[in-house]
Amino acid sequence: MGKILCVAEKPSIAKAVANHLARAQARNVNGVTYVKNYVFDYNFTRWGASNVVFTSVLGHIKQHEFGPRYTSWNSCDPSELFDAPIVNSVVDDKKAIARNIEEQARGAQALFIWTDCDREGEHIGTEIRDIALRVNPRLDVKRARFSNIERAHVINAATNPVSLDEKQANAVAARIELDLRLGAAFTRLQTLALQSMISQEHKIISYGSCQFPTLGFVVDRYFRVKNFVPETFWLLKLMHEKNNIKVNFNWKRGHLFDRMAVTIIFERCLEAKMARVTSMQKKPTSKWKPLPLTTVELQKMGSRFLRMDSQRVMKVAEDLYTKGWISYPRTETDQFDKGMDLRSLVEKQQQDASWGAFAQNLMNGQFRQPRSGRHNDQAHPPIHPVNFVVRAQLQNDEERRVYEFVVRRFLACCSEDALGESTNIEVEYGGEIFRARGLIVIQRNYLDVYPYDKWDSSQQLPRFDVGEAFAPKEVQMTDGNTTAPGYLTEPELISLMDVNGIGTDATMAEHIAKIKEREYVMTRPKGGGRAGDDGGVRSTTGSRGGRGGTGRGRGGAGSGNAAPAAGNSGIQEFIPTTLGVALIEGYDNVGLDTSLSKPFLRKEMELQMRAICAGTATRSDVVHQNLELYRAVFMRTAQQMNVLKTAIRKYIPQANG
DNA sequence: GCAAGGTC
């Protein structure tokens, strides 16, 4: 029998797949803690009956560094890093893993790669292939195409091997090279030129294609808060009492910024005296159950409801995953595969003291197939509980909170939308339309297991009939002011990063932590302070019209960003430090077409990576084109370093130099 | 002493 070497991206996949294919024996690998070799026999369609060794790596194996002549910061001008040779080598603590692959590849007939089916997975696949081919050039190299680790799906993937997608791997290679060259060049440039101004210690002033846009979002919001100018608006309110129930009607126009116009309308209403019901509609309504859980959503909910920042939530989720309680926590997928046996997962939760009864109801006929979102990373299912664990068995309260959230979210996905009845009443009064809305929740359904959503009945509205006329009990003209938006919160920051393609689900939390570590931003509990004691930034001017926003543009009052609650929510808000503001403003003032603080560059990069995958661009096209673009930005920045220094002096008056 | 991306 021939020997087939299978290699997955991580130990959990190797274990799961091996056990689906056969009763595999686990063998330890010398010098590696997590990686195991699973040994078994299997009859492949392509290779026939074979001895199989199923092992894995741990993500990327290779690292990319500048050659030794360039590693010292004073060895060269940072601009040379645009062309300096890059050396690839096996990461030190992955040497034993590489050795294992070499040993197993020597006697093998084929290499069957089982890395995740995403771009990075494709690139990791080529790393594995290169290591294996060096010791055994005659290997038949194939990869498995799979999007979850359900048995039937895995067996199908084993039966239909495909080729590695060189294009996807090339797209990643381009990203790696550009991130390294640009990150290192700009970081050295900034640090060497500005470090002595802000600190005596050797602090790094780093640039990264994800760090800077992340900082840019924080600074952008900061200036919107600072430059906010409240505007006064006027509106009409109508109140009527019927059957001893007070009904408040809202003006269909919302509010206007023109006092005279509102006054005229108001007088017209008063003259009309009588209001007339033009429409009274009762209709069934529903509140949709949540979508299956993705990483980004987990991180947002963590900040909002679990009192943990995104990095903490991910750490806890990873622990729960390694212990076997929840599925893989890094996923973009918000749809469950049709073939997945969700009922058996619900069944396991029946024994819980808090949500067990709800799970039982689902088992007794209330189960509904989850909604499907529009994302699928083709590698992992949505985050869900895989096993039941009693609370006492979990390490600490954080683990309990995250596990509970994952379970409740999952059970909510498997139940029915909440149902209610909405009532809309419209009245015409002096030519204007006023509306009252009521809601009665009829069946809470998923809400019973998912307290993170709120949907409550309003007061019962009295009965009105179309055509009915009444003299309103009260009509008022009032005014109000638009309110400033709040500082950026973590869930908002994560959303911005997500929609702008800054970082991946697995790395967004790291970028946020990084800009804190670099002291570009700081956090504090939301509502913890008023303007004036807002931490880092001491002085600002109103000169940033482009970034500023006024209430009118954003929809004015009631824009949802009203003053924060009393600071007991546990939500953190992000405020840039003087250094963070100075860097962003400094770069903006350098007068580049392509500001480094804006997310466009990263977006552009994503598009170019897709072009490589689609075959409409090549790796070297993309690398060279970007290097030329950024080389110009770099040269201009170096020339205009005084502009950056001026910005630093402006915000950090005590700066040296 | 630099980046971002995997994963433990």
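When distances are taken from the side chain of A:Arg330 to each of B:dC8, B:dG1, B:dA4, the shortest belongs to B:dC8. Of all nucleotides listed (B:dG1, B:dA3, B:dC8), B:dC8 comes nearest to the side chain of A:Lys10. Distance from the side chain of A:Glu318 is smallest for B:dC8 among the nucleotides B:dA3, B:dC8, B:dG1.
Distance A:Met497 CE to B:dA4 C1': 11 Å, rounded to the nearest Å. When the C1' atom of B:dA3 is taken as reference, atom OH of A:Tyr630 falls 12 Å away, rounded to whole Å. Rounded to whole Å, atom P of B:dG5 lies 11 Å from atom CD of A:Glu332. Rounded to a whole Å, the CE atom of A:Met605 is 11 Å from the C1' atom of B:dG5. Atom P of nucleotide B:dG6 and atom CG of A:Asp377 are separated by 10 Å, given to the nearest angstrom. Atom-to-atom, CD of A:Glu9 to P of B:dC8 comes out at 9 Å; the value is rounded to the nearest Å. Separating the NZ atom of A:Lys203 from the P atom of B:dC2 is a distance of 13 Å, rounded to the nearest angstrom. Rounded to whole Å, atom P of B:dC8 lies 14 Å from atom NZ of A:Lys323.
No donor-acceptor contact under 3.5 angstrom links the side chains of A:Tyr587 and A:Gln640, judged on distance only. A donor-acceptor contact under 3.5 angstrom links the side chains of A:Glu585 and A:Tyr651, judged on distance only. Side-chain atoms of A:Ser72 and A:Asn74 form no donor-acceptor pair, as typed in the model, at a separation below 3.5 Å. In this model, no donor atom of one side chain and acceptor atom of the other lie less than 3.5 Å apart for A:Asp505 and A:Thr331. Side-chain atoms of A:Asp116 and A:His380 form a donor-acceptor pair, as typed in the model, at a separation below 3.5 Å.
In this pair, A:Phe186 and A:Phe634 present their aromatic rings perpendicular. The plane angle is above 60°, beyond the 30 to 60° band. In this structure, A:Phe336 and A:Phe410 have perpendicular ring planes: the angle between them is above 60°, well past the 30° mark. Aromatic ring pairs are classed by plane angle as parallel below 30°, tilted from 30° to 60° and perpendicular above 60°; the pair A:His123 and A:His64 is tilted.
For DNA chain B, the residues of residues 166-177 of chain A within the heavy-atom distance limit of 4.0 Å (strictly under) are A:Arg175, A:Ile176, sorted by number. Of the residues in residues 54-85 of chain A, A:Leu58, A:Gly59, A:His60, A:His64, A:Trp73 come within less than 4.0 Å of DNA chain B through at least one heavy atom, sorted by number.
Residue A:Ala24 comes nearest to A:Ala18 through the heavy atom pair CB-CB, 3.9 Å, listed as atom of the first residue, atom of the second, then distance.
A:Thr322 has no side-chain polar atom (N or O) that falls below the 4.0 Å cut-off from OP1 or OP2 of B:dC8. For B:dT7, one of the phosphate oxygens OP1 or OP2 lies less than 4.0 angstrom from a side-chain nitrogen or oxygen of A:Tyr328. Look at A:Arg181 and you won't find any side-chain N or O under 4.0 angstrom from OP1 or OP2 of B:dA4. OP1 or OP2 of B:dA3 lies within a sub-4.0 Å distance of a side-chain N or O belonging to A:Ser206. Phosphate contact (OP1/OP2 of B:dG6, side-chain N/O of A:Thr504, threshold under 4.0 Å): present. Of the side-chain N and O atoms in A:Arg602, none sit less than 4.0 angstrom from OP1 or OP2 of B:dA3.
Backbone-only engagement by A:Tyr207 is indicated by non-hydrogen atom pairs under 4.0 Å involving sugar-phosphate atoms exclusively. Within the nucleic acid shown, A:Lys94 comes within 4.0 Å of at least one base atom, counting heavy atoms only. Nucleic acid contact class of A:Gly503 (heavy atoms, under 4.0 Å, all strands): sugar-phosphate only.
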Would A:Ile124 and A:Val57 satisfy side chain to side chain contact (heavy atoms under 4.5 Å, CB included), going step by step from the backbone distance to the final call?
CA-CA 9 Å; A:Ile124 293 168; A:Val57 292; 3.9 Å; yes

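Ring-centre distance between A:Phe54 and A:Trp114: below the 6.0 Å cut-off.
Where A:Ala184 and A:His511 meet DNA chain B, the nucleotide closest to each residue was compared, and A:Ala184 sits on the side nearer the 5' end. Mapping A:Pro11 and A:Gly183 onto DNA chain B by nearest heavy atom places A:Gly183 at the nucleotide closer to the 5' end.
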